Every structure is written in structure tokens, then in C-alpha cells.
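The next block holds one structure in the form of C-alpha cells; read it before the comments.
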Amino acid sequence: MKDHIKKEIIKVLKEIYNLSDAEDIVEIQKTSNKHVSSDYFTNISMKLAKTLGEKPNQIAETIVASIDSDKNYKVWVAKPGYINFTLNQSVKNNIVPEILKSTNLLTSVETKNVKNIIVEFVSANPTGPLHVGHGRGAIYGNIISKYLEIQGHKVHKEYYVNDFGNQINKLVISVFSKIDKSIAQGYSELYEGNYINDISDKIQEFIKNKGWSITIKSILENNEHSKKLEACRKIIVNSILENIRDSLGKLGIVFDDWFSESMLFEGNLVDKTIARLKETGKTIKKDGALMFNDDEPRVLIKSNGEYTYFASDLAYHDKKMREFDRVINIWGADHHGYVNRVCKGLESLGHDIDKLDIHLIQFANLYRGKEKVSMSTRKGEFVKLDTLLQEIGIDAINYFYLMRSKDQHLDFDLEVAVSSNKNNPVYYIQYAHARIEKILSQVPNYEEFEFDHKNLKNKQEGDLVDQLANFSDICKKSIINLKPQIMTNYLYDLSQLFHGYYASERIIKDEINYSQVYLLAAIQKVVKCGLETINIQAPKEM
RNA sequence: GCGCCUGUAGCUCAGUUGGAUAGAGCAUUAGCUUCCGAAGCUAAAGGUCAGAAGUUCAAAUCUUCUCAGGCGCUCCA
């Protein structure tokens with residue numbers, strides 16, 4: 001209908017004003033103002049006022065006078081020159097059967113340009129269980145991947161495992177020092193927490209089973225035992241990774257690959273990447289270290305010969321850039337200072353930086369009522385993601401982490417998230433779905449009756465129909481632009497309209513208006529579809 | 001000091017490509033059950049869109065500056 005109106009306007013403009021570029025300047029917009037009872041409007045007369053030297057109102061009247069009359073809508077002018085189009089309600093009502101007939105409500109977001117995309121997210125260091133600080137990135141990365149899949153792209157979800165370097169050594173020391181306290185000497189800020197104790201038990205059992213009759217200290221310090229140390233290191237890292245994988249699995253997050261940093265070194269990829277970087281002349285030697293010469297020199301190889309995180313990260317990204325059409329990283333906002341460095345490095349390696357998309361996620365604060373929940377990672381006193389899941393459930397986790405733009409700091413109130421009332425948007429939306437289910441179950445034969453577009457007349461029905469008609473646009477905005485919060489907001493608004501309607505209009509009555517039942521069925525279908533796209537269940541009863 | 005994000009009602013936040021009188025929820029106040037789930041609904045009240053200047057017929061939205069908050073600027077990862 002929008003396109004039809006646009007064509008009509010263009011036609012008129014060409015006739016009256018002989019405008020050759022009418023196609024480019026005519027815009028038909030959806031009316032969002034609540035005080036104006038129109039569905040679409042155009043601002044074309046304001047745009048033309050200057051060049052034509054006429055008042056916008058006058059131009060609008062002239063255009064309207066030339067528009068062929070159409071049964072489907074009314075055209076009218078409003079100051080200072082808006083041309084409004086009010087669609088006939090019963091024509092709009094046809095969205096209801098259209099939705100019900102559709103086998104896939106999301107076809108409008110499908111792409112013709114299918115790409116091979118890697119989404120890397122979470123990638124928390126394997127030095128402890130996931131805590132609530134990891135939650136937002138995990139849920140966000142998962143939905144971004146899903147959104148890209150809905151669009152038809154080939155998506156590869158990857159977790160980058162930093163199992164190389166200092167923090168892993170520190171982890172090993174932390175575990176070993178539980179067996180022999182003297183090992184901790186000389187180290188500060190070792191990892192603490194029950195999980196460290198659990199793993200040290202595991203190591204002790206492993207050593208016992210192997211029948212090794214050597215001290216834990218000698219495994220660590222004696223070079224003869226380097227293979228034994230390596231075996232222990234693997235057990236430690238793997239048991240943490242298992243825990244992480246398990247936590248993510250409970251959240252419905254499954255990765256296609258867990259790519260390990262040490263693989264980069266085993267395959268000499270880091271050296272190869274650095275060698276290529278050297279060829280570009282962008283590296284310098286300074287104070288015995290090899291540096292990438294960006295705005296500021298950035299260390300690749302330390303003066304003691306160790307590689308920095310930056311070095312292996314460049315190798316990793318180099319690999320991703322070669323293997324995929326589009327590379328997406330989900331990082332915490334605290335990494336933003338690092339973005340430029342990686343981009344510059346990749347550019348020097350000859351990559352098209354437009355292929356790389358780094359999503360920085362702002363931090364989320366958890367509250368229990370007014371009290372802020374501490375996220376301190378010191379001494380293991382953090383709230384684990386598992387604990388959060390147990391407390392509020394998977395649906396609330398998804399919704400609350402997705403309800404705000406990634407650029408927005410997020411305040412997440414646990415008391416609201418566990419409440420079973422209208423204060424909790426998740427319950428409110430799910431309740432709408434369940435309420436409709438209850439009604440539909442009482443008229444199981446409704447499909448034997450015809451939908452009549454003339455039988456939805458009141459204001460609330462009109463508002464609901466408009467909101468249903470918006471769904472396709474909302475999907476585009478949310479799914480194509482990768483903005484889940486647009487979906488959560490839409491579903492909340494739709495539920496609100498529904499609950500108001502439900503309270504004022506009785507559906508099951510002596511003479512049932514089956515068109516109303518169809519309307520509810522369409523609402524339910526849209527709610528369900530919307531919830532599914534953001535990984536939330538649509539319960540039939542609750 | 002430099003960089004990124006944010007600033008809209010008492011609180012938490014929507015606000016589409018710049019459009020008409022600024023939108024919800026919470027909290028507050030006043031109401032609504034012989035009836036499909038009150039796990040709900042209706043209404044009132046609440047605004048210097050951080051501030052200033054600019055662009056425009058039109059600015060919460062774009063530009064510049066100022067102020068405030070969060071985060072980052074290691075031979076850390």
C-alpha cells in the first residue's frame with residue numbers, strides 16, 4: 001500500500017510540476033504521532049516549497065486535488081503541508097488472515113547475498129568459571145549469531161581459548177599451591193575459590209593413579225618432568241573449559257569450535273604472521289623488543305623473547321580474515337582501546353578492514369532491589385553465571401540481557417527478573433501468549449468460521465491490527481540491524497495492547513465474533529514468533 | 001591529557017530516515033471482579049530532552065563547544 005501511494009504521488013508530481021527526479025525525493029513515512037489519525041504521510045510539499053516558490057499548504061492541496069480517488073484510503077492535508085493517508089480499517093484488517101496463513105513470518109529479512117560469517121564471543125580466559133560479567137556478551141553474541149542465521153548467512157560460532165601464557169601459568173601455580181603451600185611463595189594474586197580446590201583434588205588423584213612418586217614441586221620446577229607438567233596443565237585447563245562449556249550449554253549456547261591459542265603457536269602461525277608484518281616495514285626493534293609501529297609502538301615480542309597477547313591475537317585475526325567473508329567479534333567495552341591496534345595491524349597485513357566488525361558491549365550491573373550485586377573477581381567471591389541462571393531462569397536471562405542496546409549500560413534487577421507479575425516484562429509477554437491460548441482452547445472449531453474484515457471495528461482492534469502490521473518492519477530493524485532490543489520492546493508493546501483489549505472486550509460470549517478470535521490467534525502467532533527469535537519460550541500455560 | 005559509550009518524568013528506559021501536541025514501566029494518587037486467568041485493566045499527576053550556539057520550513061534526533069557519569073589508554077590478557 002505504501003508503494004502504491006508513493007507511485008501515485010510521483011505520478012501526480014510529474015503531471016503537475018513536471019518533476020523528473022520525483023522518484024528520488026518522494027518519501028512516504030509511517031505516521032507515529034498518536035494525535036494524528038493517519039497511517040502514512042509525506043512531507044513532499046515542504047521539501048518543494050523553496051524550489052517552487054509556493055507555500056507548502058498550497059502545494060499539498062494542489063497535489064491532493066489531482067490524486068485519483070481510491071476506496072482503500074482517504075487523503076487529507078494538515079498544516080503546515082503534510083499530506084496524510086488514512087487507510088480504510090477493514091482493508092488493514094486483512095493483515096490478520098495474512099499472518100495466520102503465512103508459513104514463515106520472517107521471510108522479509110532473508111538475504112540474497114549469503115556470507116560466510118564467524119562470530120567470536122565469550123572467549124573468557126579459562127582460569128575460572130563464567131561469572132555474571134560474562135553473561136551479557138554471551139547472550140548477545142548468541143543472538144547476533146542467530147539473527148545472522150535467520151537472514152540466511154552461514155554462521156560459525158567460535159570461542160577463542162587463551163590457553164597460553166602467563167595467566168595459565170598462574171592458574172597452574174594456584175592449583176599446585178593447594179597441594180604444597182610453599183609453591184605460592186613469590187606469587188601474588190593467585191586464583192582462589194572452590195573450583196581451585198576441586199581441581200587440585202583432581203590433580204592429586206591423577207598423580208596417584210599414574211603412580212608418580214614425585215613431589216608436586218618437582219613437577220613444576222624440574223625440567224625432566226616437563227611432560228608431566230604439560231599433562232597436568234591440560235587437565236587443569238580442560239576441567240575449567242568443561243565447566244564453562246557446561247554453563248553455556250545450560251544457557252542454550254553451543255559453539256561450533258573452541259579455538260585454542262596454543263594451536264597458533266604449534267602451527268607457527270604467530271611467527272609467520274610476524275614475519276609478514278616485518279616485510280611491510282611497519283615493525284621496529286626497540287629496547288630489545290619487537291614492536292608494531294602504530295601511533296604508538298606496540299610490543300609484539302618482549303625483550304625476554306615472550307610473545308604478547310597482541311602478537312597471537314593478530315595471528316588469530318589474520319586467520320579469521322582469510323577464512324571468512326565477515327568477521328564479528330563481541331568484546332567487552334573495556335577492550336575498546338585495543339580495537340584500533342588490531343585494525344591497524346590487520347590493515348598492514350593487507351586485509352580489508354570493512355570485513356571486520358567489533359561489537360563492544362557495555363557493562364551490566366546487577367541489582368537485588370536497590371542493592372548492587374558485587375561482581376568482584378577477587379578471592380572467588382563473584383556471582384557465577386550458573387547461580388544467576390538457577391535464580392532467574394533462562395527466559396529472564398535472555399530477555400534482560402537483550403532488552404537494552406549494547407551501547408547502553410544495563411541495570412538488571414534480579415528481584416524484578418524473578419517476579420511473576422506485570423513488573424516483569426518476560427512474564428507479561430508470556431502471559432499474553434498463555435491467555436490467548438486459554439481462549440483459543442475454548443473455541444477449538446473457530447477455523448470453521450470465516451474471518452470477515454468488516455467485523456473488527458473498535459479502536460483497540462485497530463491499534464492491535466496496526467501493531468501486527470508493524471511486525472515485518474520491526475523484524476527488519478531488529479534482525480537486519482542486529483538490534484535485539486527492538487524486538488523486546490515491540491513484544492512488550494504488543495502485549496500491553498493485548499492485555500488492555502482482553503480486559504475490556506469479552507471474546508467468549510453467546511454470539512462469538514469469530515473475527516476477534518482470528519485476531520487473537522494472529523497476535524499469539526506473532527508473539528510466539530517474536531519470542532522464538534530472541535530465544536524465549538512461549539508457554540501455553542503458566 | 002587523549003579515545004570510546006552514555007545523559008529524555010522522582011527511578012529504569014523507548015523515541016525509526018530530522019516531521020505534527022514528547023512515550024512506556026516503576027513509584028505516587030484515585031478507581032475497576034456475579035463474566036475468557038486481577039499473574040490483569042483504567043485514569044490522574046509528573047518534562048529547561050544535561051547546557052549553549054549552529055544547520056533546517058522543521059532538531060531529543062545532525063554539527064561544534066561546555067558540563068556530568070562509566071570505561072580504557074602496561075614489554076597485562
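A quick note: this is a predicted structure, and the numbers were derived from the prediction, not measured. Throughout, a chain's letter reflects where its sequence line sits, starting with A, and its residues are numbered from 1.
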Sole candidate of Y401(A), Y399(A), Y367(A) that passes ring-ring contact (aromatic ring centres under 6.0 Å, His included) when paired with F412(A): Y401(A)

Are OP1 or OP2 of [N] and a side-chain N or O of [X] less than 4.0 angstrom apart?
| X | N | result |
| --- | --- | --- |
| K34(A) | A24(B) | yes |
| H499(A) | A24(B) | no |
| Q408(A) | U12(B) | no |
| K30(A) | U17(B) | no |

Compute the centroid of each ring, for [X] and then for [Y], and state whether the two points are separated by less than 6.0 Å.
| X | Y | answer |
| --- | --- | --- |
| Y316(A) | F259(A) | yes |
| Y431(A) | H499(A) | yes |
| Y514(A) | F449(A) | yes |
| F164(A) | F265(A) | yes |
| Y140(A) | F121(A) | no |

Value rounded to 0.5 Å, distance of [atom1] in [X] from [atom2] in [Y]:
| X | Y | atom1 | atom2 | value |
| --- | --- | --- | --- | --- |
| E447(A) | L440(A) | CD | CG | 9.0 Å |
| R506(A) | N513(A) | CZ | CG | 14.0 Å |
| M291(A) | T283(A) | CE | OG1 | 11.5 Å |

Between [X] ([atom1]) and [N] ([atom2]), how many Å, whole number?
| X | N | atom1 | atom2 | result |
| --- | --- | --- | --- | --- |
| N423(A) | C26(B) | CG | P | 6 Å |
| K344(A) | G3(B) | NZ | P | 13 Å |
| K50(A) | U55(B) | NZ | P | 11 Å |
| D407(A) | C13(B) | CG | P | 14 Å |
| L410(A) | C11(B) | CG | C1' | 15 Å |
| K406(A) | C4(B) | NZ | P | 14 Å |
| M46(A) | A20(B) | CE | C1' | 8 Å |
| F498(A) | A24(B) | CZ | P | 20 Å |

Nucleotide paired to [N] in any strand shown, Watson-Crick or G-U, under 3.5 Å:
| N | value |
| --- | --- |
| C71(B) | G3(B) |
| C35(B) | none |
| A14(B) | none |
| G54(B) | C62(B) |
| G46(B) | none |
| C76(B) | none |

Could you work out the separation of [N] and [M] based on their [atom1] atoms and round it to a whole Å?
| N | M | atom1 | value |
| --- | --- | --- | --- |
| G18(B) | A38(B) | C1' | 43 Å |
| G54(B) | A59(B) | C1' | 11 Å |
| U61(B) | G7(B) | P | 12 Å |
| U74(B) | A14(B) | C1' | 40 Å |
| A60(B) | U8(B) | C1' | 7 Å |
| C32(B) | C71(B) | P | 49 Å |
| C13(B) | U6(B) | P | 13 Å |
| C49(B) | G72(B) | P | 33 Å |

Per atom distances to the R435(A) side chain, the nearest of U12(B), G40(B), U17(B) is G40(B)

Selection from C41(B), C57(B), C13(B) that lies nearest to any side-chain heavy atom of Y428(A): C41(B)

How would you list, by chain and number, every residue that makes a side-chain hydrogen bond (donor to acceptor under 3.5 Å, both in side chains) with S262(A), sequence neighbours excluded? D163(A), S260(A)

Taking atom types as they are modelled, is there a donor-acceptor pair under 3.5 Å from the base of A20(B) to the side chain of N84(A)? yes

Report which part of the nucleic acid [X] touches: base, sugar-phosphate, or nothing (heavy-atom distance under 4.0 Å, all strands).
| X | result |
| --- | --- |
| Y82(A) | base |
| E505(A) | base |
| M403(A) | nothing |
| A78(A) | base |

Check the chi torsion on U64(B) and let me know: syn if it falls within 90° of 0, anti if not. anti

Quick one: what's the B/S/- string for nucleotides 70-77 of chain B, heavy-atom cutoff under 4.0 Å, read 5' to 3'? SBS--BSB

When you measure from the centre of the six-membered ring of F310(A), is the NZ or CZ of R341(A) under 6.0 Å away and within 45° of the axis? yes

Establish, for the pair R435(A) and Y502(A), whether the NZ or CZ atom is under 6.0 angstrom from the six-membered ring centre and no further than 45 degrees off its axis. yes

Please compare K79(A) and K483(A) by the position of their nearest nucleotide in RNA chain B and report the one closer to 5'. K483(A)

Select from F41(A) and S32(A) the residue whose nearest nucleotide in RNA chain B is closer to the 5' end of that strand. S32(A)

Taking RNA chain B as the partner, which of residues 487-496 of chain A come within under 4.0 angstrom of it by heavy atom? N489(A), Y492(A), Q496(A)

Any donor-acceptor N or O pair under 3.5 Å, side chains E505(A), Q516(A): yes

